[in-house]
Amino acid sequence: MFACFADYLSLCRAPLAIGYLYLYLLLSSAFLAHAQVLESCTAATNCGPGLFCGNCPALGKNQPVCTRGQAIIPTSIIDGLPFNKYTWLVTHNSFSIVDAPPLPGVQRLTFYNQEDTVTNQLRNGVRGLMLDMYDFEDDIWLCHSFRGQCFNFTAFGPAINTLREVEAFLSENPTEIVTIIIEDYVHTPKGLTKLFTNAGLDKYWFPVSNMPKKGEDWPTVTQMVQDNHRLLVFTSIASKEAEEGIAYQWKYMLENESGDPGVKPGSCPNRKESKPLNSRSASLFLENYFPTYPVESEACKEHSTPLAQMVGTCYKAAGNMMPNFLAVNFYMRSDGGGVFDVLDRMNGQTLCGCSTVTACQAGAPFGSCKNVAVPSTSPVTTTAGSFSGSVQFSRSASTVHSPIFFVFYLCSLPLIALIFRMQ
């Protein structure tokens, strides 16, 4: 019997050795899978929930570390306040995605601002989308163009496709609220009304008649959810408020200058269409923080200390009013906590007077804070998204589909059986 078993072992010796090595690597990966922010990693699966593996060569940080990839939804900690008391993450040119395919036979010539789908952005905690809409191909398209005209080499796709992603997200997440800010080049009569209706978003529409006109508080997020008024839409064309019932953005929202003026240290000028930032006649405040010409590799540097400093600058420029929307390019790129840590600090200060929103305690007096680490290393409060851009390392292969695992498993069975018989 033992001679036979020795022959069997000689046959399986190589697969067993490989299998044990593979098992060791799997176990090592399992332990690494709980690595937290700024801890070393070699793949996305090494990091804990809500994190991904990346680096920041622009800051001289070439060693991959676990980096935050999801926002904490502030209403998951402090709920029931007016909508304008919260700060939400916004993606600038949300549709302008690096890997988005061009039109057939056309080489796209434009800038890119994001790295993953709108669906993924929403799953990762983005709650505001900046969309450029144009008349194109007898339809309404998302286009990253210039001079108010869309070209085939600057076009991304029909807007209804992206809006259907938003509809699916709102349908699947009945307590979430999304804001869409349109840079509007649509001249088709009632074009936007038809577009949003065809996308199935009219049932979530927050009516203009309910929007505060003189800087008052908005309804509470609880009331907005109960009324199913979970989609706020703003246009850059003033006449559409009367024509289509779409809110004119700068009637309700303050905004700083976008592009390079919006990232200049120590300065936060208002956009020319906007009222002065310290005006109290509008109760929403959009802070733009992205350069005129987006560069993926520089975003991690932009989303480090300079971002936090600029939030402070704009907060003071607005008369100590915290921005409600923070708009960025390549939102997941940072040297650690990035945009997500900054959002936590903004919401913490506003909602509970704490250094981060994770220190807030529902029902506790303002300024009563939990003793928590800053930044938080447990950011997940939403259905997990993922990251499809170049900053992410590839995922490791699943054991279920590994042939080596099956060889190891089959060759181990006789040994396991023999051990049990000898006991």
Undergrad: Determine the minimum heavy-atom distance between Gly336 and Thr67, stating which atoms define it.
TA: O-CG2, 3.1 Å
Undergrad: Is the shortest heavy-atom distance from the side chain of Leu81 to the side chain of Thr220 under 4.5 Å?
TA: no
Undergrad: Quick one, Phe151 with Trp141, criterion ring pair (Phe, Tyr, Trp, His ring centres under 6.0 Å). Give me CA distance, side-chain angles, the key distance, then yes/no.
TA: CA-CA 10 Å; Phe151 302 92; Trp141 279 54; over 10 Å; no
Undergrad: Taking only residues two or more places apart in sequence, or in another chain, which ones meet Cys354 in a side chain to side chain contact (heavy atoms under 4.5 Å, CB included)?
TA: Cys352, Ala359, Cys369
Undergrad: Can Arg68 and Asp344 be counted as an ion pair, charged N to O under 4.0 angstrom?
TA: yes
Undergrad: Please check if atom CZ in Phe366 has more than 12 non-hydrogen atoms from other residues, nucleotides or ligands closer than 6.0 Å.
TA: yes
Undergrad: Quick one: list whatever passes side chain to side chain contact (heavy atoms under 4.5 Å, CB included) with Glu244, sequence neighbours left out.
TA: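 Once residues adjacent in sequence are excluded, the partners of Glu244 under the side chain to side chain contact (heavy atoms under 4.5 Å, CB included) criterion are Lys190, Leu192, Thr193, Lys240, Ile246.
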Undergrad: Does any part of the side chain of Thr42, heavy atoms only, come nearer than 4.5 Å to the side chain of Pro64, both counted from C-beta?
TA: no
Undergrad: How would you list all residue pairs meeting salt bridge (Lys or Arg N to Asp or Glu O under 4.0 Å) that involve residues 256-280, not counting sequence neighbours?
TA: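 For residues 256-280: Glu255-Arg271, Arg271-Glu273.
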Undergrad: Leu129 versus Val90: any side-chain heavy-atom pair under 4.5 Å?
TA: no
Undergrad: Are any of the side-chain heavy atoms of Leu142 and Met133 separated by less than 4.5 Å?
TA: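 Sidechains of Met133 and Leu142: in contact.
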Undergrad: Please identify each residue that fulfils side chain to side chain contact (heavy atoms under 4.5 Å, CB included) with Glu167, with sequence neighbours left out.
TA: Ser171, Leu201, Lys203, Tyr204
Undergrad: Just one of Phe111, Phe136, Phe95, Tyr134 clears the ring-ring contact (aromatic ring centres under 6.0 Å, His included) bar with Phe156, so which one?
TA: Phe95
Undergrad: Could you walk me through whether Cys53 and Cys66 pass the disulfide (SG to SG under 2.5 Å) test, one step at a time?
TA: CA-CA 5 Å; Cys53 188; Cys66 293; 5.8 Å; no
Undergrad: Classify the side-chain pair Asp184/Thr235 by whether it contains a donor and acceptor separated by less than 3.5 Å.
TA: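 There is such a pair between these side chains.
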Undergrad: Not counting sequence neighbours, which residues clear side chain to side chain contact (heavy atoms under 4.5 Å, CB included) with Pro207? List them please.
TA: Ser209, Asn210, His229
Undergrad: On the 0 to 90° scale, with breaks at 30° and 60°, tag the Trp218-Phe83 ring pair as parallel, tilted or perpendicular.
TA: tilted
Undergrad: With sequence neighbours excluded, give me every salt bridge (Lys or Arg N to Asp or Glu O under 4.0 Å) pair touching residues 204-230.
TA: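 For residues 204-230, and leaving out neighbouring residues, the salt bridge (Lys or Arg N to Asp or Glu O under 4.0 Å) pairs sorted by first residue read Lys85-Asp217.
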Undergrad: Using a 4.5 Å cut-off on heavy atoms from C-beta on, say whether the side chain of Val186 contacts that of Ile237.
TA: no
Undergrad: Does the side chain of Thr119 pick up a donor-acceptor pair with the side chain of Glu165 at under 3.5 Å?
TA: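 The criterion, which ignores hydrogens and geometry beyond distance, is satisfied for Glu165 and Thr119.
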Undergrad: Heavy atoms, side chains only, cut-off 4.5 Å: are Arg127 and Ile177 in contact?
TA: no
Undergrad: Do Thr91 and Gln121 have side-chain N/O donor and acceptor atoms under 3.5 Å apart?
TA: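 Yes, side-chain donor-acceptor contact under 3.5 Å.
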Undergrad: Listing request: all disulfide bond (SG atoms under 2.5 Å apart) pairs with a residue in residues 128-225, at least two apart in sequence or in separate chains.
TA: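 As it turns out, the disulfide bond (SG atoms under 2.5 Å apart) pairs with a partner in residues 128-225, which skip direct neighbours, are Cys143-Cys150.
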Undergrad: Could you tabulate the donor-acceptor pairs under 3.5 Å formed by side-chain atoms of residues 300-307, not counting sequence neighbours?
TA:
from   : atom 1 : to     : atom 2 : distance (Å)
His303 : ND1    : Ala299 : O      : 3.4
His303 : ND1    : Arg333 : O      : 2.8
His303 : NE2    : Asn329 : O      : 3.4
Ser304 : OG     : Lys301 : O      : 2.6

Undergrad: Check Asn62 against Asn55 and note the closest heavy-atom contact, atom names and distance.
TA: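 Minimum heavy-atom contact is O-ND2, 3.0 Å.
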Undergrad: Kindly write out the residues that satisfy ring-ring contact (aromatic ring centres under 6.0 Å, His included) with His144, not counting sequence neighbours, or none if the list is empty.
TA: none
Undergrad: Could you give all pairs that pass the salt bridge (Lys or Arg N to Asp or Glu O under 4.0 Å) test and reach residues 103-113, with sequence neighbours left out?
TA: none
Undergrad: May I ask you to decide if Asp79's main-chain N or O and Thr75's side chain share a donor-acceptor pair within less than 3.5 Å?
TA: no
Undergrad: Would you call Phe285 and Asn324 a side-chain contact if the rule is heavy atoms closer than 4.5 Å?
TA: yes
Undergrad: Can you name the residues that form a ring-ring contact (aromatic ring centres under 6.0 Å, His included) with Tyr86, not counting sequence neighbours?
TA: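 Checked Tyr86 against ring-ring contact (aromatic ring centres under 6.0 Å, His included); matches are Trp88.
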Undergrad: Can you tell me how far CG of Leu343 sits from OG1 of Thr356, rounded to the nearest 0.5 angstrom?
TA: 10.0 Å
Undergrad: May I ask you to test the Tyr289-His92 pair for a side-chain heavy-atom distance under 4.5 Å?
TA: no
Undergrad: Check the angle between the aromatic planes of Phe340 and Tyr331 and answer parallel, tilted or perpendicular using the 30° and 60° thresholds.
TA: perpendicular
Undergrad: Please check: side-chain N/O of Asn124 versus main-chain N/O of Gln70, any donor-acceptor pairing under 3.5 Å?
TA: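 No; zero donor-acceptor contacts below 3.5 Å.
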Undergrad: With sequence neighbours left out, which residue pairs that include part of residues 50-64 fulfil the salt bridge (Lys or Arg N to Asp or Glu O under 4.0 Å) condition?
TA: Lys61-Asp335
